[in-house]
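Note that the structure is a prediction, hence the values are computed from the model and not measured. Worth knowing before you read on, the calculation uses all heavy atoms, side chains too, and leaves out hydrogens, waters and symmetry mates.
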Amino acid sequence: MKKSKRHQTNLISAIIIIITIALIVLLSICLYKQASLEVRFDAIINWLAKIEKAIAGLDTHVEILLCLFALYIAKCHLPIPMSVLCVISGMVFDINAALIINIIFCLFFFVVKHTEGKLMGGGWAMMILNIRQAKFIKNWVLFKGSGNPYVLAVSRFVPTIPLGMVSKLYGSMNYDFVYYCCLSLLGFMPRLYIYTKIGTALYNPFSREFIILLIIIVAFTGLTTLIFNIFYGIKSRQMTKTLLMYSQKEKYKIVL
């Protein structure tokens with residue numbers, strides 16, 4: 001069982017590394033040939049530039065803001081990626097206005113999901129933590145029932161961890177609301193800035209800025225996912241070893 005878990009962790013880690021490196025190499029080639037790509041796809045860039053000018057000339061930014069807020073409301077119940085919403089803001093508004101809008105709307109989302117967890121429980125996150133094999137994660141996250149602030153901040157920082165699930169989990173633990181909001185925004189700010197910045201550069205997807213931002217996102221996502229997988233593998237093996245020791249002493253009856 002222990003060897004099987006180690007092989008599984010190593011296999012997943014290898015896949016993550018291969019995919020991340022392949023994407024970074026591909027984007028690096030695009031960055032190296034950026035000038036020729038701009039020339040080759042000049043028609044697409046000009047078309048996107050016209051769209052950018054058309055959006056910039058709109059007098060209906062209030063309506064666009066309301067539509068964007070409606071999307072954030074929908075995000076509270078539908079699996080809409082937060083990155084997409086941040087990118088949309090960056091496409092429509094200048095970088096400073098888009099950042100302010102995304103911060104306010106993301107805070108709205110965090111508040112809604114925290115309230116949901118407080119009223120209806122931890123949902124899927126708590127169900128996963130109640131699995132016997134995830135007991136070590138549960139003890140680490142719950143932090144004697146009060147909630148671990150470091151886990152909250154880091155979970156916002158890692159792209160592969162769902163924002164809504166963590167928000168509901170901390171809401172179900174009645175975690176301090178002010179600390180929850182501050183740590184959530186603090187952990188999510190680096191991702192929020194990059195997503196918003198991508199929105200401002202999206203009208204020229206062959207620009208150096210856009211390609212560099214994609215490289216940063218790919219490298220960041222791959223690295224954080226790899227670290228999380230290795231950490232989970234190590235803790236899982238430690239937990240299995242502990243359970244087997246108790247089982248051998250016949251203190252508990254455990255079925256692995």
Side-chain angles (χ1 to χ4, degrees), residues 48 51-52 54-129 151-175 177-178 180-203 205 210 213-214 217-218 220-221 224-225:
L48 291 172
I51 295 177
E52 182 181 15
I55 292 176
L58 289 175
D59 295 325
T60 57
H61 280 176
V62 174
E63 287 82 354
I64 294 174
L65 187 62
L66 291 174
C67 290
L68 186 61
F69 181 58
L71 288 174
Y72 271 91
I73 294 176
K75 162 66 181 171
C76 295
H77 304 285
L78 299 174
I80 302 173
M82 187 67 79
S83 57
V84 173
L85 300 181
C86 293
V87 167
I88 292 174
S89 296
M91 292 175 63
V92 178
F93 302 95
D94 63 82
I95 183 65
N96 294 325
L99 283 173
I100 294 173
I101 290 169
N102 283 333
I103 289 173
I104 293 173
F105 287 172
C106 283
L107 182 59
F108 165 79
F109 171 78
F110 292 145
V111 170
V112 170
K113 301 309 287 186
H114 181 274
T115 305
E116 256 184 56
K118 193 171 184 178
L119 296 176
M120 297 184 289
W124 283 102
M126 187 59 75
M127 291 176 63
I128 293 172
L129 291 179
V151 172
L152 176 59
V154 171
S155 68
R156 303 307 194 195
F157 192 66
V158 180
T160 51
I161 299 179
L163 298 172
M165 287 178 61
V166 175
S167 299
K168 290 183 67 175
L169 177 64
Y170 274 78
S172 68
M173 292 187 289
N174 291 316
Y175 191 77
F177 183 74
V178 176
Y180 163 82
C181 292
C182 292
L183 289 172
S184 294
L185 287 177
L186 180 65
F188 191 64
M189 271 305 296
R191 292 169 57 193
L192 185 147
Y193 177 80
I194 293 177
Y195 295 149
T196 306
K197 191 67 176 175
I198 283 180
T200 62
L202 191 62
Y203 293 108
F210 185 79
L213 286 171
L214 285 184
I217 288 179
V218 170
F220 176 73
T221 303
T224 53
T225 305

CZ (Phe108) with more than 12 external heavy atoms under 6.0 Å: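 Yes, enclosed.
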Which residues share a ring pair (Phe, Tyr, Trp, His ring centres under 6.0 Å) with Phe105, sequence neighbours left out: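 Ring pair (Phe, Tyr, Trp, His ring centres under 6.0 Å) check on Phe105 returns Phe69, Tyr72.
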Below 4.5 Å, heavy atoms only, C-beta onward: do [X] and [Y] meet side chain to side chain?
X: Val151; Y: Tyr170; answer: yes
X: Val92; Y: Ile101; answer: no
X: Leu163; Y: Phe188; answer: yes

Shortest non-hydrogen contact from [X] toward [Y]:
X: Cys106; Y: Leu192; answer: SG-CD1, 3.7 Å
X: Phe157; Y: Pro159; answer: O-CD, 3.5 Å
X: Tyr195; Y: Val87; answer: O-CG2, 3.3 Å

Any donor-acceptor pair under 3.5 Å from [X] side chain to [Y] backbone:
X: Lys113; Y: Cys76; value: yes
X: Lys75; Y: Ile80; value: yes
X: Tyr180; Y: Leu152; value: no

Roughly how far apart are [X] [atom1] and [Y] [atom2], rounded to 0.5 Å?
X: Ser167; Y: Glu116; atom1: OG; atom2: CD; answer: 9.5 Å
X: Arg156; Y: Met82; atom1: CZ; atom2: CE; answer: 8.5 Å
X: Cys86; Y: Ile103; atom1: SG; atom2: CD1; answer: 9.5 Å
X: Tyr175; Y: Leu183; atom1: OH; atom2: CG; answer: 5.0 Å
X: Leu71; Y: Leu66; atom1: CG; atom2: CG; answer: 11.5 Å
X: Ile194; Y: Leu214; atom1: CD1; atom2: CG; answer: 10.5 Å

Show the numbers, then the answer: is there a side-chain contact (heavy atoms from CB on, under 4.5 Å) between Phe110 and Leu185? CA-CA 9 Å; Phe110 292 145; Leu185 287 177; 4.3 Å; yes
Return each pair, listed once, that meets side-chain hydrogen bond (donor to acceptor under 3.5 Å, both in side chains) where at least one residue sits in residues 85-101; pairs must be two or more places apart or across chains.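 Listed once each, the pairs are Ser89-Asn102.
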Polar side chain donor-acceptor pair, Arg191 to Thr221, under 3.5 angstrom: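 No.
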Quick one: side-chain contact (heavy atoms from CB on, under 4.5 Å) partners of Ile95, sequence neighbours excluded?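 Once residues adjacent in sequence are excluded, the partners of Ile95 under the side-chain contact (heavy atoms from CB on, under 4.5 Å) criterion are Leu99, Thr196, Lys197, Thr200.
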